Chemist: 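Dumping the structure here so I can ask a few things about it.
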Amino acid sequence: MDIITICEEKLPDYEEKARSSALSLLLQIKMFYEEHLHLDDEIRYVLDGSGYFDVRDDEDRWIRIFVEKGDLITLPAGIYHRFTVDEQNYVKAMRLFVGQPVWTAYNRPADHLEARKQYLTFLAQSA
Ligand code: KMT
Ligand code: NI
């Protein structure tokens with residue numbers, strides 16, 4: 001596991017280090033909000049703060065899931081999803097992995113990936 005914190009710190013913008021850390025935070029927020037999938041299950045335990053996981057249903061509509069401190073969420077490998085913080089602008093979460101930590105995001109379209117094909121097969125079987 002590792003721990004990820006997304007929070008907007010009010011740092012003086014004349015400082016180069018502060019500027020670049022604010023920029024990397026914005027890039028990270030933007031990256032999480034791009035629709036993507038992973039090759040492994042995404043398991044997140046919210047330690048503090050809150051936010052939204054949006055997942056696609058079987059008809060490709062968004063479903064918004066609010067998560068807050070104490071919540072555990074597992075997104076299956078291959079499901080399209082995105083994440084955003086809410087107006088609190090703060091979330092601290094534990095990212096849990098089975099085996100090697102893999103958190104590479106594949107932005108949509110990623111339909112050629114085996115994880116996507118397996119997920120669709122799983123969906124069709126459970127329908
Ligand atoms: C992801 O890949 O979507 C994330 O790790 C979201 C941030 S964890 C609260
Ligand atoms: Ni993800």
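Along the sequence shown, the residues carry numbers beginning at 1. None of these values were measured; they are calculated from a predicted model. Atoms within each ligand, like the ligands themselves, are counted from 1 in listed order. Keep in mind that the numbers below use all heavy atoms, side chains included, and drop hydrogens, waters and symmetry copies.
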Chemist: Is any NZ, NE, NH1 or NH2 atom of the basic residue among D60 and R108 found under 4.0 Å from an Asp or Glu carboxylate oxygen of the other?
Modeler: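 Looking at R108 together with D60, the answer is yes, because their closest N to O distance falls below 4.0 Å.
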Chemist: Relative to the heavy atoms of R44, which atoms of ligand 1 are at a distance of less than 4.0 Å?
Modeler: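 Answer for ligand 1: 2 (O), 4 (C), 5 (O), 8 (S).
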Chemist: Give the atom numbers and elements of ligand 1 that come within less than 4.0 Å of a heavy atom of H81.
Modeler: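 Every atom of ligand 1 under 4.0 Å from some heavy atom of H81: 3 (O).
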Chemist: As an exercise, state the distance from CD of Q118 to CG of L39, rounded to the nearest 0.5 Å.
Modeler: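 Nearest 0.5 Å value for the CD-CG distance: 10.0 Å.
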Chemist: Do R116 and E114 sit within salt-bridge range, that is, some charged N less than 4.0 Å from a carboxylate O?
Modeler: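 No.
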Chemist: Hey, which atoms in ligand 1 end up nearer than 4.0 Å to a heavy atom of H36?
Modeler: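 Taking each heavy atom of H36 in turn, ligand 1 has 1 (C), 2 (O), 3 (O) under 4.0 Å.
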Chemist: When you look at E35 and H81, which way does the side chain to side chain donor-acceptor pair (under 3.5 Å) test go after all the steps?
Modeler: CA-CA 5 Å; E35 185 173 1; H81 66 280; over 6 Å; no
Chemist: Touching ligand 1 at all, W103? Heavy atoms, strictly under 4.0 Å?
Modeler: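 Not so, W103 does not reach ligand 1.
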Chemist: So do the side chains of D54 and Y33 get within less than 4.5 Å of each other, counting heavy atoms only?
Modeler: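 Side chain of D54 against side chain of Y33, heavy atoms only: contact under 4.5 Å found.
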Chemist: Starting from atom 9 (C) of ligand 1, which protein heavy atom do you reach first, and at what distance in Å?
Modeler: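 Atom 9 (C) of ligand 1 sits closest to the protein heavy atom F83 CZ, 3.6 Å.
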Chemist: By atom name, which N, O or S atom belonging to E42 lies closest to the Ni ion (ligand 2)?
Modeler: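 Restricting E42 to its N, O and S atoms, the minimum distance to the Ni ion (ligand 2) goes to OE1.
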Chemist: Mind checking the CD1-CZ spacing from I79 to F53? Nearest 0.5 Å is all I need.
Modeler: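 That separation rounds to 11.5 Å.
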Chemist: Heavy-atom pairs closer than 4.0 Å: do any link ligand 1 to the side chain of R82, the backbone, both, or neither?
Modeler: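 Under 4.0 Å from ligand 1, R82 contributes no heavy atoms.
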Chemist: What protein heavy atom sits nearest atom 1 (C) of ligand 1, and how far away is it?
Modeler: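 The closest heavy atom on the protein side is E42 OE2, 3.0 Å.
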Chemist: Which value, rounded to 10°, describes the NE2(H81)-the Ni ion (ligand 2)-NE2(H38) angle?
Modeler: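 Roughly 110°, rounded to 10°.
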Chemist: Strictly distance-based, threshold 3.5 Å: is any side-chain N or O of Y80 a donor or acceptor partner for the main-chain N or O of P109?
Modeler: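 No, because the side chain of Y80 does not come within donor-acceptor range (under 3.5 Å) of the backbone of P109.
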